Structure formats: structure tokens, C-alpha cells
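Letters go in sequence order (proteins before strands), and every chain restarts at 1. Because the structure is a prediction, the values reported are computed rather than measured.
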Amino acid sequence: VSWHDILNLFQGVSTLLVYLGKKGVLEPLLMIPMGLGMLAVNAGVLFLDPTTAAAVTETATAPAGTQGTLFVAPLVQKTDNLMYLLQIDFLQPIYTFAFSNGLIACFVFMGIGVLLDVGYVLARPFLSLFLALCAELGTVATFPIAVAMGMSFRDAASVAMVGCADGPMVLFTSLMLSKDLFVPITVVAYLYLGLTYGGYPYLIKFLVPRKLRGLKSVPGKAIKISSSEKLAFAVVACAVLCLLFPVAAPLFVSLFLGVAVRESGLHHFTDFISSTLLYGATLFLGLLLGVLCEAGTILNPKVLMLLVLGILALLLSGIGGIVGGYIVYMVSGRKFNPVIGIAGVSCVPTTAKIAQKCVAEVTPDALILPEALGACISGVITSAILTGIYVTLIPLIKVTEHL
Amino acid sequence: MGTTTAITSALMIYGIAAVISMFVAVMIKALYWALQFIQRKGKKQ
């Protein structure tokens, strides 16, 4: 197989991504810019002039015939080379100033914060957070499995985060812990997130019998949560979590800033964050992920392992969520629909919608969406907590291992 | 050795996540009760 065949294969894959995005099989907001970026970067290869080639390869003199593109040079570290390439590669400024430091992930998280109604969590905090915690099974269990398969602690933690089904978290963790593998890990995460919508209903049907799927949950005492209470929660939770995990503070402040803006009634900010900022960040996130999918990067031998571990993490998280649903079902005296548990896998609001859809197929008038959204939003909070724990503790465990 | 450390670490990480999540849940309840108490006191005055 020649290099030319591999590039052709990548162009085929990227065209397929655009097609599946258009058809709605995968998330179109990400897949269309990503597919197009991947197509362009693998097609637009040229022979670099000696100065640019030396900057990209970070050597004094580059060998003749060095190939490259005018998109982005992600591995360049020396300041002089970086300053030179910022004037050459058209996406380098966005990559350097917004992507490699996690800013774009924070923008997306801010957008998620504006879209979240934390009232669902505040109405039933113990139930929602318990289900979300159970649905983090894959995020935790995949870590030792990845280590057993020969990955380093840092790479294993990054790929395990796919189990939380939250793209910005995976991006942030892999940027912090696993710079060499962050492109394939994030691409795998976003590809699989698109597939949860298609795959989780089958998991629900396999694990929950029809009779239980149609169960109408008995609604608890209705608690009305005011916007002041939601704002107070955002302020206190932000301060506590930033205090506990300073390394993940950018993520926490972004999420709770979004919540605070929404609950303060700042309509101009809400409109800006939920439309321009969120969609602008998503567009450039997709495009940059595609552009970073150069054949040389994606053909890393570890990618096959990442594909297996990523799907395993999401599968385990789904199973964990349903097991959590069963536990609440038993504890509540069989008055709780166990399907709600899968909504604990964050992926807001996809998993909550999947749970409601599966229940409505059996009992059309059953409404589980409020409980499911509570678990789903709690999933974002537990995912952020796990990101904080991984990013803080894994480097310390690595040090102990060397000792 | 690495796998044993990883399993121990995973259990520890899950434990820490559980403690912090339940702490957040307790904090939410406490905050809710505190705000309700303040509101009731405000109405009485």
C-alpha cells in the first residue's frame, strides 16, 4: 500500500463523514467542518520551501522535498518557529491561541452552561447525582483496562474520559495529560458521541425488559426552584469545585458562568453565548479536528486500541447508568423507571431524549424527561469532577510509579 | 505492578468522585433550606 493510497483512503473517509453528517447519522455541526478539513489537509500537501520546512521540522536545515501543508503545524514548540508559522499557516493563530490551551473547549462549555436548566438537578440532587455517578462506570473502569493493554497512565486516563460522553472534557483532559494522542482521542470521542444516539436504544432494550421500560415513574413532591436559587448554586458550586480542583478551574468557571448568565436574566449575554460563541467555537473545533487528522497522525498504531477502548468506555457507562436505575427502582419500591439511569451519561440532552423516546415507545403518555434531564445535567457536573480528579491526580500517580 | 496500581487508583478516583458528588448534593440541599429560611424570615418581617 503506497502513501498515495492511504491519502486516497482518508479522502474517502472524510467524504463519508460529510455524507453521514448531512444524513444526520453523525452530528452534522461537527462532522461537516471536520470531514471537509480532513479532506483538504490530506489533499493539499505540497513541497515546503527550505525556511518553512526548517521551521516545521524544528531543525537548522530541512531535507530537500519536505512535505507539508499551509493549514497548521501542531507540534512546533520553539517560539521563533511558532512566530514564523503564525504568518504562514492560516489556522495556526486559532490553534495556538484558542485550541492548544483549551480555550475552545471552555467556549463550548460556556455554551452548554447557558443551555442547562440546573433546576432539574436542584429539585432532586441526591437522585440525579447518584445516577450520574453510576453512569461514570466506563470513565473509571476503562482506565485500568487501558493500562493493562499497555498504555501509559496519562494516555489511559485521557481515553477513559470518552466514557463521560462529553467532548469538551475529553479534549481538555487529553490536552492536559496526553498531548501526543489528543488528536486521535478527541476524534474517536466525537465520532462515538454521534453514535450514542443510534446505539444506546439497543442497549436499553437489551438490559431493560419491555414491562419495566413502560413503567410510569411516580412523581415526587414538586419543588419550585427560583432563578435566585439556581444562581446561588452556580456561585457556591463554582467556588467549591475551583477550590478543590484548581487545574480544572477553567472548565468549572466556564460552565457556571454560563449558568449564572442564564439565571441572572442577562439576555444579551445569553443570546451571544448560546448562538455566536457556541456555534463559532463548534465550527472551528470541527474544522481544526479535521485539519489535525493528517494521515501521519491518525495512522498511529495506538489508534485501533483507542477505537476499542472508546466504545468500551461508552458501553460500560451506559450499563453503569442502567444498573444505577435498577438500584433506585429497588430502593423506591419499584416506582422508578430504570431506563432513566442511562441519562446519567451526560451528552446533554441526547441521552435524556433517548430515555424518553424508549419509554414513550412502550407507554406513550409516560413522562420521564424531568428526572432524565436532572440525571443528564448531573452527568456534566460529575464528568467535570472526574476531569478535575484525573488531571490533578494522574501526574502524581505517575511520579509514585517511577519512585 | 502497573495494572494493580491502576486498579487501586481507579477505585480511589471513583471513591473521591462519589464523596465530592454527594458533597455537592448535600450543599445543594443546605443552600435550598438556607434560602427558604431567609425568604420565610423576610416575609415575617
Peer 1: For B/Leu31, which atoms come within 4.5 Å of any heavy atom of chain A: side chain, backbone, both, or neither?
Peer 2: side chain
Peer 1: Using a 3.5 Å distance criterion without hydrogens, assess whether the side chain of A/Thr142 forms a donor-acceptor pair with backbone atoms of A/Ala160.
Peer 2: no
Peer 1: Roughly how far, to the nearest 0.5 Å, is CZ of A/Phe256 from CG of A/Leu116?
Peer 2: 9.0 Å
Peer 1: Tell me, out of A/Leu137, A/Val118, A/Val121, who's got the most heavy-atom pairs with chain B below 4.5 Å.
Peer 2: A/Leu137
Peer 1: Quick one: does B/Ser21's side chain get under 4.5 Å of A/Ile381's, heavy atoms only?
Peer 2: no
Peer 1: Which atoms of A/Leu133 are under 4.5 Å from chain B, going by heavy atoms: the side chain, the backbone, both sets, or neither?
Peer 2: both
Peer 1: By a 4.5 Å heavy-atom criterion (distance strictly below it), what part of A/Leu122 contacts chain B: side chain, backbone, both, or neither?
Peer 2: both
Peer 1: How would you list all residue pairs meeting ring-ring contact (aromatic ring centres under 6.0 Å, His included) that involve residues 117-145 of chain A, not counting sequence neighbours?
Peer 2: A/Phe143-A/Phe153, A/Phe143-A/Tyr390
Peer 1: Can you say whether A/Leu129 sits under 4.5 Å from chain B via the side chain, the backbone, both, or neither, judging by heavy atoms?
Peer 2: both
Peer 1: Side chain, backbone, both or neither: which part of A/Val140 has a heavy atom under 4.5 Å from chain B?
Peer 2: both
Peer 1: Ignoring hydrogens and geometry beyond distance, is a side-chain donor-acceptor pair present between A/Asp166 and A/Ser346 at under 3.5 Å?
Peer 2: yes
